[in-house]
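Worksheet: one structure, shown below.
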Amino acid sequence: MIVYSARYHIDIGLHVFPTDKYRRVHDRLIATDVCRPSDFVEPGPASWDDLALVHTADYLAKLRSGAMAIEDIAQLELPWSAEVVEGFRLMVGGTLAAAVIATSQESPLTRPANPQAPIANPQAPIPNPLGIHLGGGLHHAFPNHGEGFCPFNDVAVAVRVLQRHGLERVAIVDLDVHHGNGTAFIFESDPRVFTFSMHQQHNYPMWKPRGSLDIGLADGTHDATYLAALEGALPEVMAHRPECVFYLAGADPYEDDQLGGLRLSKDGLRARDRLVFDAVRSASTPLVVVLAGGYARRIEDTVAIHTATVEEALRG
Ligand SMILES: [Zn+2]
């Protein structure tokens with residue numbers, strides 16, 4: 001079961017953020033027989049109460065009413081519209097649904113997904129419990145403001161919901177090319193959540209709040225250095241003994257990305273995914289995969305990278 005909605009194709013005008021990548025990844029997974037149309041499940045929007053587990057009442061009120069100042073819009077780098085707010089609220093619901101699938105008692109492979117199902121008893125042994133969301137990874141959103149195309153922090157909301165249902169330890173593996181500043185800030189003083197970000201050091205965001213483990217890489221690092229650093233870091237993440245891992249599989253470390261400069265190849269990105277999946281699977285830890293960024297000059301490249309991530313996740 002893969003969480004996805006055609007309504008993620010949000011009209012934000014001419015923009016470097018290709019919101020039709022979600023539909024394209026969905027279509028390609030079907031065209032290449034990786035998935036059937038019946039494998040996809042449509043999420044419901046996250047409730048405003050769930051969003052308030054992370055975001056301040058003032059900020060949510062501004063988003064709902066459209067009373068955004070020019071500075072707010074400039075920082076968010078998205079136009080405000082009711083469609084934008086609802087599209088991203090739905091996307092938070094998608095990450096939440098994937099988290100429920102991953103942490104549910106029964107294997108997602110043997111039962112129909114029900115996003116409203118109760119969250120799991122984490123003791124129940126399931127081989128490779130997995131929730132995939134063709135969306136999400138909005139890691140630049142802070143409690144009181146959005147920035148960098150991220151109005152809400154979907155993973156943070158999902159983590160707060162899992163905590164409310166009794167999960168003690170969660171890890172976030174953020175391999176988008178940009179530092180996960182909002183996520184690091186939100187969980188800075190919560191020892192239950194291990195935040196790992198590996199990113200390009202000299203890139204947005206300028207201010208990088210400290211996470212549990214931050215690896216800032218030099219420009220043009222290429223595959224080998226990147227993969228060695230990741231391989232070295234993953235044991236530290238898993239030593240936290242997470243009951244659920246969220247993986248932000250950003251496509252923007254790619255060598256032809258317009259907003260990234262790490263210069264990884266497609267093969268390198270696939271190897272990256274495999275390292276993460278192997279580490280999480282070997283501990284039989286529930287895994288939630290979200291897509292995060294991707295701004296390749298050719299949108300087909302971004303789509304191919306995200307599709308490869310899903311293929312590797314399903315390989316099992
Ligand atoms: Zn990014």
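Counting starts at 1 for both ligands and their atoms, following the listed order. In this text, all values refer to a predicted model and were calculated from it rather than measured experimentally.
In this structure, T309 contributes its side chain and I305 its backbone to a donor-acceptor pair below 3.5 Å.
Ring-plane geometry between H26 and Y4 is classed as parallel, the angle between the planes falling under 30 degrees on a 0 to 90 degree scale with a further cut at 60. Between W207 and F142, the angle of the ring planes stays under 30°, which puts this pair in the parallel group of the 30/60° scheme.
Among the atoms of H178, an N, O or S atom is found under 2.8 Å from the Zn ion (ligand 1).
Between Y204 and H179, the ring centre distance reaches or exceeds 6.0 Å.
The name of the N, O or S atom in D252 nearest to the Zn ion (ligand 1) is OD2. Distances from the Zn ion (ligand 1) to each N, O or S atom of D176 single out OD1 as the nearest.
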